[in-house]
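To start, the structure itself, in structure tokens.
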Amino acid sequence: QVQLVQSGAEVKKPGASVKISCKTSGYTFTHYVIHWVRQVPGQRLEWMGWINPGNEYTQFSQNFQGRLDMTRDTSTNTAYMELSHLLSEDSAVYFCAKDNGDYFDFWGQGTQVTVSS
Amino acid sequence: SYELIQAASVSVGLGQTATVTCGGDKIGNKNVHWYQQKSGLAPMVVIYRNNKRPSGIPERFSGSNSENTATLTISGVQAGDEADYFCHVWDRTTVVFGGGTRVTVL
């Protein structure tokens, strides 16, 4: 069965970077885009961008241009999202999600990131 | 940028019908997807491409999309349907989510 398992919670200081992993299984990793979405609890989902694991092509929301990177490791079927120059407003739960053409059919469990001095 | 408008909350009696709307400019020309998110959990798709139900999603969940409004309908609401519901479309190469509607079952 398809699974996306994310790395654990992170606590970072303002200005630092965070890198979250999303290990996938149960399908052909390189055939489906992976998206990253974040959510402040109780608020809306915010799309961050996507990576095509097949060719490593990425597309980012303009809200994160310059401080967001997405990579993948095809040997472990894992996608990564790195956000730099963290602000307190970046404290949120971060999700990875598998794209099935145009909708997200499977999601990771979420990773809490707390940015605090 | 493209915007999706959802009511913040909807209350519905047990066994009644809940209607969750998602407004957007000419949204009827787009494919709309709906996600259910229960407290503390990841979202889960309940309707994709306007009116298609993934396997395992009960028939009481249905969707429609026309002109400027997409609608998620939950018939015979059960207590377990209490959750936040988000609509989703693509705007060119960008993903757009609605603000979410909290469905409360009375």
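Computed from a predicted structure; not experimentally measured. Naming: A, B, ... by sequence-line order, numbering from 1 per chain.
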Honestly, the part of A:Val93 sitting under 4.5 Å from a heavy atom of chain B is neither
For the aromatic rings, using the six-membered ring if either is Trp, is the centroid distance between B:Phe61 and B:Trp34 under 6.0 Å? no
Do A:Cys22 and A:Met81 have side chains that get closer than 4.5 Å, going by heavy atoms? no
Assess whether side-chain hydrogen bond (donor to acceptor under 3.5 Å, both in side chains) is satisfied between A:Tyr103 and B:His88, documenting all intermediate values. CA-CA 8 Å; A:Tyr103 68 100; B:His88 155 213; over 6 Å; no
Applying a strict 4.5 Å limit to non-hydrogen atoms, the region of B:Arg49 in contact with chain A is side chain
Looking at B:Pro54, B:Ser1, B:Pro43, B:Ser39, which has the largest count of heavy-atom pairs under 4.5 Å with chain A? B:Pro43
I need the residue from B:Gly40, B:Gly100, B:Gly98 with the largest number of non-hydrogen atom pairs under 4.5 Å to chain A. B:Gly98
Aromatic rings A:Trp50 and A:Tyr57: how do their planes relate, parallel, tilted or perpendicular, breaks at 30° and 60°? tilted
Tell me whether the guanidinium CZ or amine NZ of A:Lys98 lies under 6.0 angstrom from the six-membered ring centre of A:Phe106 and within 45° of its axis. no
Is it the backbone or the side chain of A:Gln39 that comes under 4.5 Å from a heavy atom of chain B, or both, or neither? side chain
When the 4.5 angstrom heavy-atom criterion is applied to A:Phe95 and chain B, the contacting part is side chain
B:Gln6 versus chain A, the contacting section by heavy-atom distance below 4.5 Å: neither
Does A:Arg67 reach the main-chain N or O of A:Leu83 with its side chain, forming a donor-acceptor pair under 3.5 Å? no
